Enquirer: 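Below is one structure. I have some questions about it.
As the structure is a prediction and not an experimental result, all values here were calculated from the model. Every number for a ligand or one of its atoms is a count from 1 in the order of the listing.
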Amino acid sequence: MSEAQHSSDSRGGPVGLSTSQIFLICAGATALAVVAALLLGKGPSSGARADAAEVEAIAARIQPVGKVTIKLEGGPVKTGEEVYKAQCAACHAAGLVGAPKFGDAGAWGPRIGAGFESLLNSALKGKGNMGAQGGGDFSDYEIGRAVVYMANAGGAKFAEPKAPEAAASQ
Ligand code: HEC
């Protein structure tokens with residue numbers, strides 16, 4: 001009876017929307033609710049379980065890569081003497097299991113004759129009773145320094161190997 005009622009009636013039907021439009025809106029809202037329920041309910045719990053296992057697996061897988069990166073890109077690089085004392089002296093100090101004894105020119109002489117690259121190769125890959133890197137876990141550069149340190153103590157006059165950065169920039 002009032003003017004307001006009249007004008008709302010005159011717009012006709014339910015607020016001007018067709019039945020199919022209303023259906024679409026309802027369907028959309030329902031779909032959103034289902035998606036939200038899936039995300040909130042199921043998602044996080046199963047996701048969290050997978051994450052923990054996955055993180056462990058990935059950490060185990062990338063660990064060696066991380067070590068290599070640290071060795072190449074920074075961290076205190078060990079001197080030949082430090083590597084020797086930490087790793088090589090175990091056999092070479094006393095000449096165990098057939099190792100050429102530290103400072104023994106007679107034992108080192110023939111080996112030195114083969115050249116630094118040959119000795120480095122043996123130290124990196126292992127030879128006879130010596131495992132790769134003498135069983136250590138160093139950078140190739142550090143092993144090179146240790147070889148120079150040991151060989152020079154046995155009579156060689158090898159120069160310090162170039163640091164990887166210096167070699168790369170030349
Ligand atoms: C488990 C004992 C052991 C350790 C630890 C060890 N060595 Fe040796 N090393 C040997 C033995 C044994 C030989 C002799 C191998 C042969 O000629 O059969 C040898 C030989 C060498 C040679 C001479 C290789 C050649 O071609 O004649 C070098 C260089 C060398 N070691 C460097 C190192 C360095 C550097 C380290 C430490 C990073 C190291 N070694 C640690 C046992 C060891």
Side-chain angles (χ1 to χ4, degrees), residues 31-170:
L32 276 179
V34 168
V35 169
L38 284 176
L39 287 177
L40 294 174
K42 192 179 155 199
S45 59
S46 66
R49 256 180 279 124
D51 280 353
E54 248 175 74
V55 165
E56 265 180 29
I58 290 170
R61 253 182 284 143
I62 66 171
Q63 201 180 24
V65 177
K67 275 190 201 159
V68 170
T69 308
I70 289 163
K71 274 189 264 174
L72 290 178
E73 290 183 355
V77 178
K78 290 189 170 59
T79 66
E81 184 175 359
E82 284 168 347
V83 173
Y84 169 74
K85 283 183 177 157
Q87 190 71 35
C88 324
C91 295
H92 286 274
L96 297 186
V97 296
K101 198 172 161 184
F102 187 80
D104 182 344
W108 278 97
R111 296 177 189 271
I112 289 165
F116 171 72
E117 289 300 329
S118 168
L119 298 187
L120 175 63
N121 192 49
S122 302
L124 287 176
K125 295 183 178 157
K127 184 180 184 187
N129 288 327
M130 173 170 64
Q133 293 208 0
D137 182 18
F138 301 91
S139 70
D140 290 4
Y141 174 53
E142 288 169 325
I143 293 294
R145 295 178 104 184
V147 169
V148 167
Y149 176 75
M150 288 168 67
N152 285 1
K157 290 190 169 57
F158 293 141
E160 266 283 289
K162 282 198 183 100
E165 296 89 335
S169 67
Q170 276 172 1

Enquirer: Name the closest protein heavy atom to atom 18 (O) of ligand 1, giving the residue it belongs to and the distance to 0.1 Å.
Expert: Gly128 CA, 3.7 Å
Enquirer: With rounding to the nearest 0.5 angstrom, report the OH to CD distance, Tyr149 to Glu160.
Expert: 11.5 Å
Enquirer: Hey, is ligand 1 close enough to Asn129 that some N/O pair sits below 3.5 Å?
Expert: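 No, there is no polar N/O contact under 3.5 Å.
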Enquirer: Looking only at protein heavy atoms, which one is nearest to atom 12 (C) of ligand 1, and what is the separation?
Expert: Val97 O, 3.1 Å
Enquirer: Quick check on contacts: which atoms of ligand 1 are under 4.0 angstrom from a heavy atom of Ile143?
Expert: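 With Ile143 as reference, the close atoms of ligand 1 come out as 38 (C).
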Enquirer: Touching ligand 1 at all, Gly135? Heavy atoms, strictly under 4.0 Å?
Expert: no
Enquirer: Could you go through residues 104-126 and list every donor-acceptor pair under 3.5 Å that involves a side-chain atom there, pairing it with any protein atom two or more places apart or in another chain?
Expert:
unit_1: Asp104; atom_1: OD1; unit_2: Gly106; atom_2: N; d: 3.0
unit_1: Asp104; atom_1: OD1; unit_2: Ala107; atom_2: N; d: 3.1
unit_1: Trp108; atom_1: NE1; unit_2: Lys101; atom_2: O; d: 2.9
unit_1: Asn121; atom_1: OD1; unit_2: Lys125; atom_2: NZ; d: 3.2
unit_1: Ser122; atom_1: OG; unit_2: Ser118; atom_2: O; d: 3.1

Enquirer: Among all protein non-hydrogen atoms, which one is nearest to atom 28 (C) of ligand 1, and what is the separation to 0.1 Å?
Expert: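 Closest protein heavy atom to atom 28 (C) of ligand 1: Trp108 CH2, 3.7 Å.
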Enquirer: Kindly list each side-chain donor-acceptor pair under 3.5 angstrom involving residues 84-99, sequence neighbours excluded, with atom names and distances?
Expert:
unit_1: Lys85; atom_1: NZ; unit_2: Glu81; atom_2: OE2; d: 2.8
unit_1: Gln87; atom_1: NE2; unit_2: Gly134; atom_2: O; d: 2.8
unit_1: His92; atom_1: ND1; unit_2: Pro100; atom_2: O; d: 2.9

Enquirer: Taking all non-hydrogen atoms of both residues into account, name the closest pair between Arg145 and Thr79 and its distance.
Expert: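 So the minimum-distance heavy-atom pair works out to NH1-CA, 3.8 Å.
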Enquirer: Among protein heavy atoms, which sits nearest to atom 27 (O) of ligand 1, and what does the distance come to when rounded to 0.1 Å?
Expert: Arg111 NH1, 2.8 Å
Enquirer: What residues, two or more places apart in sequence or in another chain, satisfy salt bridge (Lys or Arg N to Asp or Glu O under 4.0 Å) together with Glu82?
Expert: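 Salt bridge (Lys or Arg N to Asp or Glu O under 4.0 Å) list for Glu82, sorted by chain: empty.
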Enquirer: List the closest protein heavy-atom neighbour of atom 14 (C) of ligand 1: residue, atom name, distance to the nearest 0.1 Å.
Expert: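 Going atom by atom, the protein heavy atom closest to atom 14 (C) of ligand 1 ends up being Gly98 O, 3.7 Å.
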Enquirer: Just which atoms of ligand 1 are under 4.0 Å from any heavy atom in Gln133?
Expert: 38 (C)
Enquirer: So how many protein N, O or S atoms does atom 8 (Fe) of ligand 1 have within less than 2.8 Å?
Expert: 2
